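A short write-up of the structure that comes next.
Everything numeric in this text was worked out from a predicted model, so none of it was measured.
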Amino acid sequence: MALRVYNTLSRRKEEFRPLHEGFVGIYVCGPTVYDHPHIGHAKSYISFDVVVRYLRHLGYRVRYVQNITDVGHLTDNADQGEDKIEKRAAAERLEPMELVEIYMRSYFEDMDALGNLRPDISPRASGHIPEQIELVKVLLDKGYAYEVGGSVYFSVEKFGGYGKLSGRRFQEQWEAVRIAPNPEKRHPADFALWKRAEPGHILRWPSPWGWGYPGWHLECSAMSMKYLGETLDIHGGGMENIFPHHECEIAQSEAATGKPFVRYWMHNNMVTVEGTKMGKSLGNFVTIKEALKSYSPMALRLFVLGSHYRSPVDYTEEAMRAAQRGWERLNRAVQMVKERIRYAPDGPEDRELSEAVRRCERDFSEAMDDDFNTPGALGALFELTREVLAGLESGTPSRTTLKKVEDLYSRLAGGVLGFRFEEEGGGREEELLDLLVEVRAELRRAKNWELADRIRERLRELGIALEDRPEGTVWRRYS
RNA sequence: GGCGGCAUAGCCAAGGGGUAAGGCGGAGGACUGCAAAUCCUCUAUUCCCCGGUUCGAGUCCGGGUGCCGCCUCCA
């Protein structure tokens, strides 16, 4: 079966065929780095991380580009607003580039923790001002843009396809939107390609039209085409960017090149918190760092992948607890398989388990091929997990079989879904715990239950669980 | 007002004409000194409502209702 991808442009699932066979160029709208990333970023970037991982799993050579927006955009469409980065930098008494550096590092730190692969290129808008100016020049030359007093605007009336992504017929509807018209614009829907820097604006660059800074849609067009060519295979981002951001990107790019800008537009849905929208302006967003104080990074990853990328997901304590427990179960199963491989008997494959492995692989692929259906893929993995644990319980699967199971977990759960399975502990602490367990075993042999239980209780308070299994005592950290 | 999406068990969530995946939680049992972990069994006659098409409808069509997103920065 072939991979099918939902394309926002056609509003249907389409068979995926990249422009050049075997190679995929993907561009995902990255963060504006003026604050710590929140769980909305987690959903978006985990989703696209899995898209990239799965494409590689299918054998594609993927170039994954995700920008860093470090040039502030205006906070409102009437072009009077403040620059978010400048505003925040002033509030924190930092150089704008200093601020950007802090939050960019914070962003990568969180993405690393969540197990997302680094993009192949993380271009920064501030480092691509010449490319953006070039693009504006082309649009002026071709008559799609006009200059007014040091600012350059894109003329939407000159570009026939404006509105094709978002389904908006801007001519009739624009009247309904009450925004103060900018007198410089010929049509209210025209958007800025380049803005004149008003006095006091710190982030600014020289251009043929004087000192200024790029318009807020320009960087993505300039940088994506620079690194991926004039037609991208996939362009991804959050749904809220469909209009105006992506609509404007299409207009700019296609007007400049005369070629289709993107073959597949992919948009992920939003995260709500306890049922309500999470927005920067609402101030109710949960940062990833906060979430990770209560839940493990892999639990957050499981939470995100537990619903489809095009579905909204509600962040609640209950849902996160469920994800945490689910993750622990999966991780534990993998650890148990690894442990058992060490002393598993040689022998032929066990039919039932091998069959379960095959079934899992098939169901997993089927789900992923259907527009990256990660909840379905997880279902396949958990079904296997149940059978694996039952197999370990009731018999002694051969080493060959267990290796197949381990390999499957490693390729699908690890490689494709990006889970990081970890053994607990390490170093001095581990040795001390082993010692305690040993001493406690003596106590238990002597039937000194009181002291044995006290050790277990005290360790539990410290976040270490002791489990007296038939084959011996093991310890693990819980959380 | 315009555009788009979603409604499936206590909670989360797949499925999308052929008789309801999976996770969490809950109940009972096995194992255990007791716990924990693990295993086994059970936990939706039914998919927001009303009509229709069909031998057959969560699944398709029409009409409601409710929730959400976008139309101003946001992943």
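Across all strands, A/Leu381 comes closer than 4.0 Å to no nucleic acid atom at all (heavy-atom distances). Using a 4.0 Å heavy-atom distance criterion, A/Val271 is classed as a base contact. Counting any heavy atom pair closer than 4.0 Å across all strands shown, A/Asp314 reaches no nucleic acid atom. Residue contacts for A/His267: at a heavy-atom cut-off of 4.0 Å it reaches no nucleic acid atom on any strand shown. Within the 4.0 angstrom heavy-atom criterion, only backbone atoms of the sugar-phosphate kind lie near A/Gly238; the bases stay farther away. In this structure, A/Met270 reaches the bases: a heavy-atom distance under 4.0 Å links it to at least one base atom across the strands shown. Here A/Ser47 lies out of heavy-atom contact (under 4.0 Å) with every strand.
A distance of about 12 Å separates the P atoms of B/rG29 and B/rA35, rounded to the whole Å. Rounded to the nearest Å, the gap between the C1' atom of B/rA21 and that of B/rG28 is 24 Å. For the C1' atoms, the distance from B/rC50 to B/rG66 is 15 Å, rounded to whole Å. Going from the C1' atom of B/rA57 to that of B/rU8 covers 14 Å, rounded to whole Å. Comparing the C1' positions of B/rA44 and B/rC48 gives an interatomic distance of 15 Å, to the nearest angstrom. Spacing of P atoms, B/rC3 relative to B/rU72, comes out at 16 Å, to the nearest Å.
In this structure, A/Arg325 places its CZ atom where only 12 or fewer heavy-atom neighbours from other residues, nucleotides or ligands lie under 6.0 Å away. The environment of CZ in A/Arg469 is crowded: more than 12 heavy-atom neighbours from other residues, nucleotides or ligands sit within 6.0 Å. By the 6.0 Å contact criterion, CD on A/Glu352 is open, its count of non-hydrogen atoms from other residues, nucleotides or ligands being 12 or less.
Of the side-chain N and O atoms in A/Arg332, one or more sit less than 4.0 angstrom from OP1 or OP2 of B/rU38. In terms of phosphate contacts, A/Asn269 brings no side-chain nitrogen or oxygen within less than 4.0 Å of OP1 or OP2 of B/rG69. For the pair A/Asn373 and B/rG15, the criterion of a side-chain N or O lying under 4.0 Å from OP1 or OP2 is met. For A/Thr374, no side-chain nitrogen or oxygen approaches OP1 or OP2 of B/rA13 to under 4.0 Å.
Rounded to a whole Å, the NZ atom of A/Lys87 is 14 Å from the P atom of B/rC74. When the P atom of B/rG5 is taken as reference, atom CH2 of A/Trp265 falls 18 Å away, rounded to whole Å. The interatomic distance linking A/Asp453 (CG) with B/rC34 (C1') rounds to 6 Å, in whole Å. Atom CD in A/Gln324 sits about 19 Å away from atom P in B/rC12, given to the nearest Å. Between the CD1 atom of A/Ile242 and the P atom of B/rA75 there is a distance of 15 Å, rounded to whole Å.
Look at B/rG15: its glycosidic torsion is beyond 90° from 0, and that puts it in the anti range.
Of the two residues near RNA chain B, A/Phe48 and A/Ala390, the one whose nearest nucleotide lies more 5' is A/Ala390.
Aromatic ring orientation, A/Tyr45 versus A/His41: parallel (interplanar angle below 30°, classes split at 30° and 60°).
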N/O-N/O pairs, protein side and nucleotides 22-28 of chain B side, under 3.5 Å:
| unit_1 | atom_1 | unit_2 | atom_2 | d |
| --- | --- | --- | --- | --- |
| B/rG23 | OP1 | A/Arg329 | NH1 | 3.4 |
| B/rG25 | OP1 | A/Arg325 | NH1 | 2.7 |
| B/rG25 | OP1 | A/Arg325 | NH2 | 3.4 |

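Using modelled atom types, one finds no donor on one side chain facing an acceptor on the other under 3.5 Å when comparing A/Tyr34 with A/Thr69. A/Tyr295 and A/Glu317 form a side-chain donor-acceptor contact under 3.5 Å, judged by distance and modelled atom types alone. In this model, a donor atom of one side chain and an acceptor atom of the other lie less than 3.5 Å apart for A/Tyr54 and A/Asp369.
Here A/Asn268 pairs with A/Ser44 under the side-chain hydrogen bond (donor to acceptor under 3.5 Å, both in side chains) rule; sequence neighbours left out.
Outside the 6.0 Å centre-distance limit, the rings of A/Tyr162 and A/Phe154 are not counted as a close aromatic pair.
Counting only Watson-Crick and G-U wobble pairs whose two distances sit under 3.5 Å, RNA chain B takes part in these stems of three or more pairs: B:1-7 with B:65-71, B:10-12 with B:22-24, B:25-30 with B:38-43, B:48-52 with B:60-64.
A donor and an acceptor atom never sit less than 3.5 Å apart when one is taken from the side chain of A/Arg310 and the other from the base of B/rG5. Evaluation of atom-type donor-acceptor distances gives no pair under 3.5 Å for the side chain of A/Arg469 against the base of B/rA37.
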